[in-house]
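Indexing begins at 1, ligand by ligand and atom by atom, following the structure's order.
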Amino acid sequence: MLGAGVLARAGPETIHTIRASVRGLLVQPDTARTKTPAPALTRGILVRMSKNKSNPSHRVPRVAIAIMAAGKGTRLKSKHPKVLHEVGGKPLLAHVIAAATKVVPARDVYAIIGHEAERVREAVAYTGINFILQKEQRGTGHALMVTREALASYDQVIVLSGDAPLISPQTIRKLRDFHNSKHPAMTILTARLYDPTGYGRVIRVSSKNPEVKAIVEEKSATPAQRKIQEINSGFYAFDAELLFAHIDELSNDNPHGEFYLTDMAEILRKAKKSVMAVTASDPHEILGTNTRGEMVDIDQRMRLAKCRQLMAEGVTIFYPQTCVIDGDVEIGPDSTIEPFVQILGKTRIGSDCRIRSYSVINNSVIGDGVLIRPACMIDDAHVMKGAMLGPYSHLRPGSEIGEGAHVGNFVETKKTSLGKGSKANHLSYLGDAEIGEGVNIGAGTITCNYDGERKHTTVIEDAVFIGSDSTLVAPVKVGKGAYVGAASCITDDVPPDSLAIGRARQIVKEGWTKAKRPSRQKL
Ligand code: UD1
Ligand code: CA
């Protein structure tokens with residue numbers, strides 16, 4: 001809080017001076033730096049700062065978080081960069097960035113990118129973090145070598161892996177705080193896994209001692225070392241000065257011909273610096289995603305955790321193992337989600353809703369008390385309270401379904417508003433349409449919105465009745481309270497309260513069959 005306090009409490013001139021003299025102090029993890037002046041605490045803080053000058057160990061360290069995200073992900077056998085593969089509905093890297101930016105401000109987070117760097121940068125640019133290019137991917141140690149220029153001015157560098165998306169802000173804080181309290185050159189976040197296969201093993205000085213001798217990669221480990229269950233998470237905190245002073249001592253003399261960041265443990269230790277291990281409270285948090293199998297496991301973990309969170313908030317989810325609900329989804333209490341439902345993106349669902357099986361809802365807002373019958377697809381749509389959809393309704397982007405409105409089976413809407421209490425119950429296409437309140441759209445109605453070149457709007461005012469199987473050729477308007485006879489092709493505007501019939505008059509030729517085919521008489 002100290003850094004925040006300095007900025008918060010001093011007047012503009014003081015702020016300037018403080019910035020210049022104790023820059024390091026101002027960049028403080030976990031602080032929302034506000035600029036609201038409030039003089040009361042200024043004195044105490046200044047006193048504390050002058051003390052800092054004489055005793056630098058009390059300084060609040062400047063912390064950077066570097067996320068290694070340049071690797072290709074060979075083991076995924078994919079043409080897409082590894083860190084853009086999705087779990088829990090978001091790219092792997094987006095999860096790690098989200099955790100990192102809860103610990104330090106985005107301007108102190110650096111993603112090391114390389115393979116398909118531009119795609120990776122574009123995908124997470126919205127987070128406001130920094131990017132460092134690792135042109136050739138020559139190993140995790142090399143990834144940190146290229147950060148020297150950007151990170152050497154920090155006191156501490158926390159290193160995270162872009163392919164381990166379950167890491168929580170609490171665990172990053174635990175790593176940071178352990179490092180700050182013991183001041184080793186390197187702190188390694190470790191975990192004990194029942195099956196440590198594939199991970200680097202942590203060789204401690206002795207079992208209870210936090211001091212670490214080395215990290216041994218699986219490929220280089222002896223059979224005895226492979227039995228060690230304490231693994232390297234790939235997350236570390238480094239004293240920045242010592243990291244960059246020794247990083248060039250890494251060699252690539254190993255089975256992969258890569259510069260391993262893990263070798264820093266032994267290098268620092270040999271330089272008589274302290275290297276320590278701190279164990280993650282939840283070993284699952286450090287799980288990495290080198291293979292598709294691991295990725296699916298992590299995805300399932302995230303989905304189940306999300307379902308548990310929603311259930312704790314009052315949502316019933318039947319067979320949660322079968323539901324796919326993205327992390328940002330919100331659902332109100334007493335809503336029920338049936339098996340095999342997908343709720344994706346930033347969807348918000350109100351309370352007392354029922355979402356029946358096989359529906360897929362993406363980036364949509366669903367009001368309270370909405371019933372979504374089986375197998376509806378809803379994308380970028382807004383459904384107001386008490387509406388009923390489905391089965392088999394398809395709401396495409398820009399659909400707005402009014403309060404208490406009904407959209408039935410095999411009805412497709414796009415950029416269309418359907419007013420309060422209006423009904424389109426069967427087999428229709430409603431595109432680029434503005435439909436008022438209390439309207440009945442008969443089965444098989446089609447808005448012909450496309451003339452081969454451009455899209456046009458159909459306007460249907462309140463209380464209109466459109467007879468079944470009508471086609472409305474846009475641009476066209478049906479006035480308030482008008483009726484359109486079944487099977488009409490409406491090409492001209494229909495004035496309010498009138499009846500429009502746009503079809504050939506029925507002709508009945510009595511006795512025609514008899515005359516034409518006398519043989520039918522026998523039937
Ligand atoms: C690494 C550790 C291993 C640890 C495991 C935990 C090393 C040598 N090994 O192995 O001890 O148990 O993580 O998950 O560090 N990357 C770059 N640039 C590169 C190479 C990799 O940015 O040149 C990135 C990758 O994109 C990835 C991360 O670094 O996000 C880790 O690399 P990866 O190859 O997955 O390391 P592991 O084999 O999992
Ligand atoms: Ca990995």
Check your understanding: Has the side chain of T222 got a donor or acceptor atom that lies under 3.5 Å from a matching backbone atom of Q225?
Key -> yes
Check your understanding: With only distance considered, is Q134 within less than 3.5 Å of ligand 1 through an N or O on each side?
Key -> yes
Review point. Under 3.5 Å, is there a donor-acceptor pair linking the side chains of N363 and D380?
Key: no
Point to revise | Per-atom contacts, ligand 1 versus G162 - under 4.0 Å to a heavy atom | key: 30 (O)
Check your understanding: For atom 28 (C) of ligand 1, what is the nearest protein heavy atom, given as residue, atom name and distance?
Key -> S161 OG, 3.4 Å
Point to revise | Contact bool for atom 1 (C) of ligand 1 (protein heavy atom, d < 4.0 Å) | key: no
Check your understanding: Run the salt bridge (Lys or Arg N to Asp or Glu O under 4.0 Å) check on D379 and R396 step by step: do they pass?
Key -> CA-CA 5 Å; D379 191 15; R396 292 170 49 206; over 6 Å; no
Point to revise | Residues which pass salt bridge (charged side-chain N to carboxylate O under 4.0 Å, His left out) with E218, listed by chain and number, not counting sequence neighbours | key: R201
Point to revise | Pairs meeting criterion salt bridge (charged side-chain N to carboxylate O under 4.0 Å, His left out) with involvement of residues 205-216, two or more places apart | key: E211-R269
Practice item. With rounding to the nearest 0.5 Å, note down the distance linking CE in M264 to OH in Y236. Key: 11.0 Å
Practice item. Assess the side chains of E258 and H142: does a donor N or O sit below 3.5 Å from an acceptor N or O? Key: no
Review point. Given the rule in the side-chain hydrogen bond (donor to acceptor under 3.5 Å, both in side chains) test, do E230 and T190 qualify, once you have shown the distances and angles that lead to the verdict?
Key: CA-CA 6 Å; E230 183 171 25; T190 70; 2.5 Å; yes
Check your understanding: What is the nearest protein non-hydrogen atom to atom 20 (C) of ligand 1, stated with its residue, atom name and distance?
Key -> G139 C, 3.7 Å
Review point. What is the nearest protein non-hydrogen atom to atom 39 (O) of ligand 1, stated with its residue, atom name and distance?
Key: N290 ND2, 3.2 Å
**Study point:** Contact atoms of ligand 1, heavy-atom distance to R138 under 4.0 Å
**Key:** 23 (O)
Practice item. Looking only at distances, please establish whether an N/O atom of ligand 1 is found under 3.5 Å from an N/O atom of G234. Key: no
Review point. Quick one: nearest non-hydrogen protein atom to atom 4 (C) of ligand 1, plus distance?
Key: N232 O, 3.2 Å
Point to revise | ligand 1 atoms in contact with G200 (distance to a heavy atom under 4.0 Å) | key: 3 (C), 4 (C), 11 (O), 12 (O)
Exercise for review: Could you find the nearest protein heavy atom to atom 15 (O) of ligand 1 and give me its residue, atom name and distance?
Suggested key: T140 OG1, 2.7 Å
Check your understanding: Do T197 and D195 get their side chains close enough for a donor-acceptor pair, meaning under 3.5 Å?
Key -> yes
**Study point:** Option nearest atom 11 (O) of ligand 1 (shortest heavy-atom distance, choices E217, M68, E218, H142)
**Key:** E217
Review point. Of all the atoms in ligand 1, which lie at a distance below 4.0 Å from a heavy atom belonging to T262?
Key: 7 (C), 8 (C), 9 (N), 11 (O), 15 (O)
Point to revise | Atoms of ligand 1 close to Q137 [distance to a heavy atom under 4.0 angstrom, numbered from 1] | key: 19 (C), 23 (O)
Review point. Any N or O on L261 sitting closer than 3.5 Å to an N or O of ligand 1?
Key: no
Check your understanding: Taking both backbone and side-chain atoms of I112, is any N or O found less than 3.5 Å from an N or O belonging to ligand 1?
Key -> no
Check your understanding: Side chains of N290 and K82: do they bring a donor and an acceptor to under 3.5 Å?
Key -> yes
Review point. Can A164 be said to touch ligand 1, with heavy atoms closer than 4.0 Å?
Key: no
Review point. Listed by chain and number, what are the side chain to side chain donor-acceptor pair (under 3.5 Å) partners of E313, not counting sequence neighbours?
Key: Q309
Review point. Is the cationic atom of R62 (NZ for Lys, CZ for Arg) positioned less than 6.0 Å from the six-membered ring centroid of Y154 and within 45 degrees of its normal?
Key: yes
Review point. Which residue supplies the protein heavy atom nearest to atom 6 (C) of ligand 1, what is that atom called, and how far is it?
Key: S233 O, 3.3 Å
Review point. Could you state the interatomic distance from NZ (K90) to CG (L84), rounded to the nearest 0.5 Å?
Key: 14.0 Å
Review point. To which protein heavy atom is atom 26 (O) of ligand 1 closest, and what is the distance rounded to 0.1 Å?
Key: G71 N, 2.8 Å
Check your understanding: Considering only heavy atoms, does K82 approach ligand 1 within less than 4.0 Å through its side chain, its backbone, both, or neither?
Key -> side chain
Exercise for review: Under 3.0 Å from the Ca ion (ligand 2), which protein N, O or S atoms are there? Could you list them by chain and number?
Suggested key: D163 OD2, N290 OD1
Practice item. Specify the closest pair of heavy atoms between S364 and A381, including all atoms of both residues, with the distance to one decimal. Key: OG-N, 3.0 Å
Practice item. Could you walk me through whether H284 and D282 pass the side-chain hydrogen bond (donor to acceptor under 3.5 Å, both in side chains) test, one step at a time? Key: CA-CA 5 Å; H284 296 117; D282 177 358; 3.1 Å; yes
Point to revise | Shortest protein heavy-atom distance from atom 38 (O) of ligand 1, along with the residue and atom involved | key: R75 NH2, 3.2 Å
Exercise for review: Find the distance between CD1 (I67) and OH (Y110) and round it off to the nearest 0.5 Å.
Suggested key: 12.0 Å
